[in-house]
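In what follows, every chain begins at residue 1, and chains take the letters A, B, ... in the order their sequences are listed. Every heavy atom of this structure was used, including side-chain atoms; hydrogens, water molecules and symmetry mates were not.
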Protein chains: 2
Amino acid sequence: MRAMNDDQAKKPRAARKGQGRGVTMETVGRLAGVSQVTVSRALSDPSKVSPATLAKIQEAIAQTGFVPNALAGALASSKSMLISALVPSITNIVYSSMVKAFSEEMRGAGYQILLSETGFGPEDEEKLIAAHLSRRPDAMFLTGIHHSAQARRMLLGAEIPVAEVWDITDSPIDFCVGFNHAETGRAAAEYARRKGYPQAGVVSAGDERARRRSEAFAREWERIGGAPVAKMLFDAQASLANGRAGLRGLLAQGFTGGVVHCSSDLLAHGVLIEARAQGLDVPGQIAVIGFGDQDFAATVEPGITTVRVDMAAFGRAAAQAMLARLQGAGDGPSVIDLGFEIVERQSA
Amino acid sequence: MRAMNDDQAKKPRAARKGQGRGVTMETVGRLAGVSQVTVSRALSDPSKVSPATLAKIQEAIAQTGFVPNALAGALASSKSMLISALVPSITNIVYSSMVKAFSEEMRGAGYQILLSETGFGPEDEEKLIAAHLSRRPDAMFLTGIHHSAQARRMLLGAEIPVAEVWDITDSPIDFCVGFNHAETGRAAAEYARRKGYPQAGVVSAGDERARRRSEAFAREWERIGGAPVAKMLFDAQASLANGRAGLRGLLAQGFTGGVVHCSSDLLAHGVLIEARAQGLDVPGQIAVIGFGDQDFAATVEPGITTVRVDMAAFGRAAAQAMLARLQGAGDGPSVIDLGFEIVERQSA
DNA sequence: CTGTTAGCGCGTTCAG
DNA sequence: CTGAACGCGCTAACAG
């Protein structure tokens, strides 16, 4: 290991004192001619130290390249300034833009984010939660509202603010921010019925919330008089390729034309590409409704009619509510419904 | 704050003992009739404890909901099992897929990832590095090879493995894994020349490495006899909209047809969409070369000819080299060039 | 404004 | 196989 140029690699790190690392407040204090506590104070609240000693301390810090040990600080103060965040997937723009906004907001208040992917399904989420809690985060950001009983217990036991984002429920662990997924499906169905499409199909990715949106669409469509809905339900994540395959599958099921409700814009885009490849007119023969209003939805031709949800807003709202709790500003609302909006473009 | 139902919010956390939190190895030990060390041993190496006491300890843990305090553990052992990672943007699939692969690999070895976004440009990267180092990570994952002198010094002082990923250099801080960006531009230029396109244009996003690829393309194109290259250089991140605007810009500059080299597939896709919108034939009138081989590149019509780099492989390679160093397996290579490959499709 | 004294919860010796 | 003692680097009272 570079720079680990000791003879005995097994030797505890602490034995390598006096080198670049191992610079503590004690070291800095000695160099500045003050005690360790004074250094601590100078760092946490410079106004509690005289300008003269402050200067000496700062110089000593610069000379030694001292970097405070946040681990020790957290242990002593019971404040880690760490927020742990769990998302199904960081490569999915939907979640990454959510945590991005959340992180930026939290960083502004001095917090750092410990981020992990849970994959879909709460199996190993439990182990991840335990691993995260062992770092003693000051709060936790979770995606979705479905967590194992054991997970809930651990979270409650941790006695920290817990945000459940991207979905809402009446019984959050602590508080939740998001929107009603089923409602978006119903709204889309109503919109599509109004437009008078003869048939409807759904293409859905293999994620529980996506399914909930699709199911709601289909149920509502049929409830308000639509013909039975053709379905293509994938187990995999959404992708353009699945969108294309989705339309082909619908067609193979005897779907002859009408509206296709997709659980994401990515799938919708795939449907669009396949429709064009097959010479089908959009929205004349195939109309498409997506979900998410990702930036490409407005840019492709034809533009994708979709359900807009502001993921960045979710992240920000979660951060604000969390910060309020962290600052002990009482409990605040525990269900924050940010809603959604249907954006009409050319595809449906 | 939920569950923070003390009267005095100001009261130190430590004062709330005997509740759900504040369960320590001491607590567990008392319940199991053993000392704290024994609990520690039972957790770190069950074989060092008799089966009987092990069982009692496990029961006590289950009863109390004990979660080990990794902060204290790290402080005592100088091993945080934390890896810090810095990427320009987590919403960019290029980087997120890299860290995803990296994280999965590292998690397999028991490490967790502290992830932050640096944005582009090394200004605040420095502060972020300091913040991360204060958590005493066991190693660090950096994107790119351009870091301030101060940053380099801190990193060297930390005496931990440092991976610089996504680009290569002969003088890494510790080790780097990636490919030669300029080389991809040159290879693309050579490919395009061979295809006999009459003119060339570039559309580039505002990121230093993207620029390096574009510049190399233009220089090589002109060096091997091509006509002067038209350029559309954006300051912003790549997007479909910028791709469309890029082609419009090129056209406005008098570019009448030929090959367009894009710094990413996203831009290339935008160029494709704009070409179609303007009734331009691809690749007859406008040929397009992208970069990245993102999954949609093969799925759109026409398929995008692009430069494939395996980001997941970068993440994995970085993790493997890092783990080797973490396990003290000597230094290993310090420059890991994973190369790239031109993927020919219909767009050029 | 500054120093002293105690822990924070856990690993790591060293004895039994 | 188990326990006592000590220290990791820092914050939190309490004195001066």
Side-chain angles (χ1 to χ4, degrees), chain A residues 8 10-18 21-30 32-57 61 64 66-81 133-136 138 158, chain B residues 8 10-18 21-30 32-57 61 64 66-81 133-136 138 158:
Chain A
Q8 315 264 13
K10 290 291 207 65
K11 222 181 198 176
R13 188 69 138 280
R16 305 184 290 88
K17 273 206 179 175
R21 200 70 285 91
V23 180
T24 79
M25 289 186 172
E26 188 70 46
T27 323
V28 174
R30 250 194 316 262
V34 296
S35 80
Q36 175 264 322
V37 242
T38 307
V39 177
S40 173
R41 277 195 274 258
L43 256 36
S44 63
D45 184 359
S47 75
K48 301 185 78 176
V49 159
S50 86
T53 57
L54 182 57
K56 279 193 291 188
I57 290 175
I61 289 179
T64 53
F66 169 69
V67 177
N69 187 328
L71 257 34
L75 183 58
S77 69
S78 290
K79 282 192 305 175
S80 61
M81 297 307 280
L133 286 180
S134 77
R135 305 250 177 219
R136 296 296 185 266
D138 288 340
Chain B
Q8 314 265 11
K10 289 291 206 67
K11 222 182 200 177
R13 188 75 136 278
R16 305 183 291 86
K17 273 204 182 178
R21 202 67 284 92
V23 181
T24 78
M25 289 188 172
E26 189 70 45
T27 323
V28 173
R30 249 193 317 261
V34 295
S35 78
Q36 174 262 322
V37 242
T38 306
V39 177
S40 172
R41 277 196 272 258
L43 256 37
S44 62
D45 183 359
S47 76
K48 302 184 79 176
V49 159
S50 86
T53 56
L54 182 57
K56 280 193 292 189
I57 289 176
I61 289 179
T64 54
F66 169 69
V67 176
N69 186 327
L71 258 36
L75 184 58
S77 69
S78 291
K79 282 193 304 177
S80 61
M81 296 307 281
L133 286 180
S134 76
R135 305 253 177 216
R136 295 298 185 267
D138 287 340

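- Rounding to the nearest 0.5 angstrom, the gap separating the CG atom in A:L75 from the OG atom in A:S80 is 11.0 Å.
- Projected onto DNA chain D by closest heavy-atom contact, B:S47 and B:A72 fall at different nucleotides, the more 5' of which corresponds to B:S47.
- In this structure, CZ of B:R136 is placed 11 Å from C1' of D:dC10, rounded to the nearest angstrom.
- When the local axes at the two ends of the helix from C:dC1-D:dG16 to C:dG16-D:dC1 are compared, using 5 base pairs at each end, they differ in direction by 30° after rounding to 10°.
- Between A:R41 atom CZ and A:M25 atom CE the span is 11.0 Å, to the nearest 0.5 Å.
- Between the CE atom of B:M25 and the P atom of C:dT12 there is a distance of 11 Å, rounded to whole Å.
- Comparing A:V49 and B:A76 by the nucleotide of DNA chain C that holds the closest heavy atom to each, the one mapping nearer the 5' end is A:V49.
- Across the protein-nucleic acid pair, B:R30 atom CZ and D:dA4 atom P stand 13 Å apart, rounded to whole Å.
- Rounding to the nearest 0.5 angstrom, the gap separating the OG atom in A:S35 from the CZ atom in A:R30 is 11.5 Å.
- Whole-Å rounding puts the B:L71 CG to C:dG11 C1' distance at 14 Å.
- Residue B:T53 is classed as a sugar-phosphate contact, given heavy-atom separations below 4.0 Å to backbone atoms only.
- Here D:dC10 presents its C1' atom at 16 Å from CE of A:M81, a figure rounded to the nearest Å.
- When each of B:T53, B:V34, B:V49 is tested with B:V39 by the rule side chain to side chain contact (heavy atoms under 4.5 Å, CB included), just one qualifies, namely B:V34.
- If you take OG on A:S40 and NZ on A:K48, they are separated by 9.0 Å, rounding to the nearest 0.5 Å.
- The NZ-C1' distance, from A:K48 to C:dC1, rounds to 10 Å in whole Å.
- A heavy atom closer than 4.0 Å to some atom of DNA chain C occurs in A:V34, A:S35, A:V37, A:T38, A:R41, these being the qualifying members of residues 33-43 of chain A.
- B:L71 approaches A:R136 most closely through the heavy-atom pair CD2-CB, 3.9 Å.
- B:L54 places its CG atom 14 Å from the C1' atom of D:dT2, with the value rounded to the nearest Å.
- A sub-4.0 Å separation between OP1 or OP2 of D:dA12 and a side-chain N or O of A:S77 is absent.
- Residues passing the side-chain hydrogen bond (donor to acceptor under 3.5 Å, both in side chains) test with B:T24, sequence neighbours excluded: B:T27.
- The distance from atom CG of B:N69 to atom P of D:dC10 is 17 Å, rounded to the nearest whole Å.
- When A:I57, A:L43, A:V28, A:L54 are each tested for a side chain to side chain contact (heavy atoms under 4.5 Å, CB included) with A:T38, only one passes: A:I57.
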